[in-house]
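Beneath this line is the structure, given in structure tokens, with notes to follow.
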Amino acid sequence: MARAIRLAWRGLYTTDPNPRVGCVVVRDGEIVGEGWHRRAGEPHAERIALHDAGERAKGATAYVTLEPCSHYGRTPPCADALVEAGVSRVVAAMEDPNPRVSGKGLKRLREAGIEAESGLLEAEAEKLNPGFLKRMRKGLPWVRCKLAMSLDGRTAMASGESVWITGEDARRDVQRLRVRSSAIVTGIGTVLADDPSLNVRLAPEELPGVESPGYLRQPVRVVLDSSLRTPESAKILGLPGETWIFYAHGSEEKAVRLEARGARLTRFGRGLDLLAVMEELARRELNEVLIEAGPTLAGAALRAGIIDELVIYMAPHLMGHGARGLFHLPGLERMAQRVPLEITDLRAVGHDWRITARPAGGRPD
């Protein structure tokens, strides 16, 4: 199963919106076949591993990181493939929370006389698909918020200047965060101030598992623009990939012009409630969302309780007390109102440090 999990990680950048899955077929104590899901629409891990094993799959045990599917989607059911191959036992790391599958794949195997169980290395398998699992369980994507700051916690000078706080290695690391994400979300303030591209600028050969240029996808760019102020000349409207603009009110003529530039507009009648925005992204099958924005949207997202993970790049320099802070969190005046975080990872990235943390106390008061 550990080998199957390692194989599944090879699909980190390419399987969206499907889960990352690996499979290993073992007979008489020897691995006779293995595979991983490479891309949505292509064969699933089980079918690749069974093809690799050939006739040796008969009487073998299949180890798979997620319960085999039992329904027709873009590809036929993997549970049926395992039955047809004649395996004697299937071990899944975890059940699939997708209501179309949950428990049904294992049941199909048992009905065919195959020994089937789940739970082996379940915690490790959960880490493969935080977005897919959360979307299936709660109807929400997994939300990361990426920020860059100086050692004294500043993100921009008082003038607004914020270019290249961190070094090249950290910026390349952000590119890898982008390519594993279904969407990048930003606010209209960032679009107006920085005119960002919000695209992936790595070549396929720089990303493990991206086997051809066709496998490298651009995450959807989502702009939260309540009054439809996105300029028609914005860079995000002229780049490969999709740009979605979520708004609450604005000129219909402006909306038509933005759509003519390729944007996909969605109007929210009661304002841009962040939880409602994330629910809409989940309905559109987006698994992992990366927020790249300034302190206002980052603070609002933290207060709304939608952030699952913070990824903060810290550069070894000082920007002074007049520079802008990391989050806009008005109303925090007492120590008891602090926002507790659980640091889950800390590592050097070039000359900078990357801090990965999770909010530990729910929404701040």
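Note that the numbering runs from 1 along the sequence shown for the chain.
Pairs passing the salt bridge (Lys or Arg N to Asp or Glu O under 4.0 Å) check and including a residue from residues 177-192, sequence neighbours excluded, read Arg178-Glu292, Arg180-Glu288. Residues in residues 95-141 take part in no ring-ring contact (aromatic ring centres under 6.0 Å, His included) pair, two or more places apart or across chains. Among pairs with a residue in residues 220-278, those fulfilling ring-ring contact (aromatic ring centres under 6.0 Å, His included) read Phe246-Phe268, at least two apart in sequence or across chains.
Partners of Asp96 by side chain to side chain donor-acceptor pair (under 3.5 Å), not counting sequence neighbours: none found. In this view, Arg257 and Glu232 satisfy the salt bridge (Lys or Arg N to Asp or Glu O under 4.0 Å) rule, not counting sequence neighbours. Partners of Asp345 under the salt bridge (Lys or Arg N to Asp or Glu O under 4.0 Å) rule, at least two apart in sequence or in another chain, are Arg347, Arg354. Under the side chain to side chain donor-acceptor pair (under 3.5 Å) criterion, Glu34 pairs with Arg3, sequence neighbours left out. Considering only residues two or more places apart in sequence or on other chains, Tyr215 meets the ring-ring contact (aromatic ring centres under 6.0 Å, His included) condition with none of them. Listed by chain and number, the residues in a salt bridge (Lys or Arg N to Asp or Glu O under 4.0 Å) with Arg110 amount to none (sequence neighbours excluded). Partners of Glu253 according to the side chain to side chain donor-acceptor pair (under 3.5 Å) rule, which considers only residues two or more places apart in sequence or in another chain, are Ser251. Annotation: salt bridge (Lys or Arg N to Asp or Glu O under 4.0 Å) contacts of Arg108 (sequence neighbours excluded): Asp80.
Between Arg6 and Glu124 no salt bridge is recorded (no basic side-chain N to carboxylate O distance below 4.0 Å). Between Arg137 and Glu126 a salt bridge is recorded (basic side-chain N to carboxylate O distance below 4.0 Å). Salt bridge Glu30/Arg27: absent, no basic N to carboxylate O contact under 4.0 Å.
Within the 3.5 Å criterion, the main-chain N or O of Val210 finds no donor-acceptor partner in the side chain of Arg39. Of the possible donor and acceptor atoms, none in the side chain of Asp195 sits under 3.5 Å from a partner among the backbone N and O of Ala234. Proximity of a side-chain donor or acceptor of Gln337 to a complementary backbone N or O of Glu333 within less than 3.5 Å is detected.
In the hydrophobic clustering of this structure, Val21 does not group with Met1; members are Ile, Leu, Val, Met, Phe, Trp, Tyr whose side-chain heavy atoms approach within less than 4.5 Å, directly or through other members.
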Donor-acceptor pairs under 3.5 Å, side chain of residues 313-323 to any protein atom, not counting sequence neighbours: which ones?
{"from": "Tyr313", "atom 1": "OH", "to": "Asp173", "atom 2": "OD2", "distance (Å)": "2.6"}

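Of the candidates Ile188, Leu297, Ile291, Leu224 forms a side chain to side chain contact (heavy atoms under 4.5 Å, CB included) with just one, namely Leu297.
Contact of the Leu281 side chain with the Val185 side chain is registered, since non-hydrogen atoms from C-beta on lie closer than 4.5 Å. Proximity of Ile48 to Cys23: side-chain heavy atoms (C-beta onward) are nowhere separated by under 4.5 Å.
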